[in-house]
There are 2 protein chains.
Amino acid sequence: MPFDVDTPALLLDRSRLQSNLSRMRSRAQRLGVRLRPHMKTAKSIDVARLLLEPGEGITVSTLAEAEYFARHGVSDILYAVGFEPGKARRASQLVAGGADLAVIVDSVEMAAWLAESQLALGVWLEIDTDGTRCGISPDDGRLVEAAARLGPALRGVMTHAGGAYACHGPDEITDAAARERAAVVAATRRLGDHGIPVAGLSIGSTPTATFAADLAGVTEMRPGVFMFQDLYQAGLGVCSIDAIAISVLTAVIGHRTGELVVDAGALALSLDRSTARQPVDWGFGALCSEAGEPIDGLYVRAVTQEHGIVAHRDGGLDVGAHPIGSRLRILPNHACITAAAHARYHVIDHDDVAEVWPRLTGW
Amino acid sequence: MPFDVDTPALLLDRSRLQSNLSRMRSRAQRLGVRLRPHMKTAKSIDVARLLLEPGEGITVSTLAEAEYFARHGVSDILYAVGFEPGKARRASQLVAGGADLAVIVDSVEMAAWLAESQLALGVWLEIDTDGTRCGISPDDGRLVEAAARLGPALRGVMTHAGGAYACHGPDEITDAAARERAAVVAATRRLGDHGIPVAGLSIGSTPTATFAADLAGVTEMRPGVFMFQDLYQAGLGVCSIDAIAISVLTAVIGHRTGELVVDAGALALSLDRSTARQPVDWGFGALCSEAGEPIDGLYVRAVTQEHGIVAHRDGGLDVGAHPIGSRLRILPNHACITAAAHARYHVIDHDDVAEVWPRLTGW
């Protein structure tokens, strides 16, 4: 301290990261399910190495992530965004290179397409838990038809309770987790009734993984944001603010009346405003000192491409305490989206930048 | 057509780009001012080469852009985000490498710091036109004090009417442009009254550059987004929708009741929602066919990290017309922010991807 890093820059607190990883590892053990962490948040082999046990699988959100992690020796990969024929070329290259790549579909159309393809991909059927995004409902006749088309390629049924992000407090999240479990268990039972065995039952989100009371029958879960946590997760009650492992280091570049201008704007922070619908709205991020101590009431009120405007919730910001060139840190609303703007982590260990870890960007 | 490009991908229509560049070049000539285009939108030397005349200068929003363009032979560079001491090392390396780098400040504190530094940077004073972001008001006593501290390093006075983005229609933008002009002219007069000559009077934004009626006294303007245009500019009346030169190519990956799921989400489109405050709210983007024809009423209703949900404004979307694997294009709300997520342009010329142009990301 001060960090020898140009601003804006993405910092990653190694000890917070490690606590977050251990906590989720314990959760999975206690719940009796495998962990198939979603690497869309970190997109970093260094983070994966801290987390994964030998032979353990991962979840990814892009084929670029699948290629990156396969190149670094992770072979069991679930690409958890609906597959379409335009992805066949890269998927087949991954398989040819030795990856055990599985994909997801939620239509008879794509199940049939995959069954007829020569792609040698594992396939999971996506089940809809709460109508928020994709998936076949467990009681929809297309479920059995799609599974029948897949034949031996069927690896299991998976779901993601997008609705968990709209919950208010732990009890509602526990209920959302129960609905995730119920959806994949019901789908499995339905397929069993038609003589189709289902080996894998996969659920996943950081909130539901954190507050699930019982995952009997579920084989694996796929949380991602837990690695870093963020203000949105803190607002949900999933973590405390001091569990948030990433922050954007920024420099003060100007003063306005009662406000600071900093060099982290829409690109360095992202335009994520997810805390706007929570009791505490953090604007575009919450301010900490350069050492990482939260500064009560300070938040990013507005952003343009490379400017952030820092204000105090009650108007009481002493700009003189933050001279031009002084530095602050900003905790993100949504770790996955903020991290995506950055090509590297500056890893902090005992108040020093100990290492730089590259991270993947793009598709 | 169809394009041999993996989705999601950023497309750039070369003929629209060239029309946009020519139109702004004519504007500058008609108004009698130099063009110092803001390269924060394109971050591409290939775009700069189409636009710049020999020896012409540019504006940038990060030192990474300054380094990138300097490396590609552009030497006259204005870094138009408030300078702070932490940027000194890289700025001095740029100057040592032959760049004519100028920076901006809006405080006596930084003017004094720069005057005492050995950085050999040109300095512009940032003038506040409308209270939206940074700058010293022309009638603020600190203006003269800052200029006096700078001495011969002073290159000029510059402003940016952030308020132009909140205008309703051309007449209000013409007024905003008049205020930009008035601010730098007033600052220049004020400094002249104190015996401080001002060579450069710089204003800039795409809306004000498009609708300025008279820029007498102004020496240069710094628009950026005009190169690509976007839905927000179209909503302001700055351009027509068919002037928008970039779009995100996406594949349909699923169907919901009356909605499509596509593989362009928060990362590929950005979370920019700027059209939410305009008469026509485009959600996270407007849909076109793969060939680039707008599809009436279709927009991106919601996004998560890698998913977009496409809906029809009046509910009438025939999902069967868009099978899984078919492709669409999405026009962005805000070109600068959407482009920033991508590392390359797939340049379309006569309905074919003719070239791939890299673009700079990060800081």
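Residue numbering restarts at 1 for every chain, and letters A, B, ... go by the order of the sequence lines.
- Both the backbone and the side chain of B:A268 come within contact range of chain A, with heavy atoms under 4.5 Å apart.
- A:Q305 contributes a side-chain N or O that, together with a main-chain N or O of B:K40, makes up a donor-acceptor pair within less than 3.5 Å.
- Take A:Y79 and apply the side-chain hydrogen bond (donor to acceptor under 3.5 Å, both in side chains) test, not counting sequence neighbours, and it matches no residue.
- Options B:S61, B:G131, B:G86 differ in how many heavy-atom pairs under 4.5 Å they form with chain A, and the most are formed by B:S61.
- The greatest number of non-hydrogen atom pairs below 4.5 Å with chain B, out of A:D128, A:T132, A:T361, is found for A:T132.
- Using a 4.5 Å heavy-atom cutoff, the side chains of B:D6 and A:R89 are in contact.
- Between the side chain of B:E306 and the main chain of A:V81, no donor-acceptor pair closer than 3.5 Å is present.
- Using a 4.5 Å cut-off between heavy atoms, B:A341 touches chain A through backbone and side chain atoms alike.
- Neither the backbone nor the side chain of B:Y165 has a heavy atom closer than 4.5 Å to any heavy atom of chain A.
- With a 4.5 angstrom heavy-atom cutoff, A:R344 does not touch chain B via any of its atoms.
- For B:V105, no part sits under 4.5 Å from any heavy atom of chain A, backbone or side chain.
- What you find for A:D106 and B:G254 is that their closest heavy atoms are OD1-CA, 4.5 Å.
- A distance of 7.0 Å separates NE2 of B:H160 from OG1 of A:T304, quoted to the nearest 0.5 Å.
- Contact record, B:G325 with A:P85: CA-CD, 3.9 Å, taken as the closest heavy-atom pair.
- Among the candidates A:R327, A:R273, A:H342, A:M110, the residue making the largest number of heavy-atom pairs closer than 4.5 Å to chain B is A:H342.
- Scanning for salt bridge (Lys or Arg N to Asp or Glu O under 4.0 Å) contacts around A:E84 gives A:K87, with sequence neighbours left out.
- Remark: side-chain polar atoms of A:R133 are not paired, donor with acceptor, to backbone N or O of B:G308 under 3.5 angstrom.
- Of the inter-residue distances, the one linking B:L271 atom CG with A:N333 atom CG reads 10.5 Å to the nearest 0.5 angstrom.
- For chain A, the nearby part of B:S107 is the side chain; its heavy atoms alone come within less than 4.5 Å.
- Closest approach of A:H307 to B:C134, counting heavy atoms only: CD2-SG, 3.8 Å.
- Inter-residue side-chain proximity for B:H255 and A:E109 is flagged as met; some heavy-atom pair is nearer than 4.5 Å.
- Among A:A343, A:G265, A:G362, A:C336, the residue with the largest count of heavy-atom pairs under 4.5 Å with chain B is A:C336.
- By the 6.0 Å contact criterion, CG on B:D139 is enclosed, its count of non-hydrogen atoms from other residues, nucleotides or ligands being greater than 12.
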Is there a side chain to side chain contact (heavy atoms under 4.5 Å, CB included) between A:W363 and B:L267 once you walk through the steps? CA-CA 10 Å; A:W363 295 270; B:L267 295 193; 3.8 Å; yes
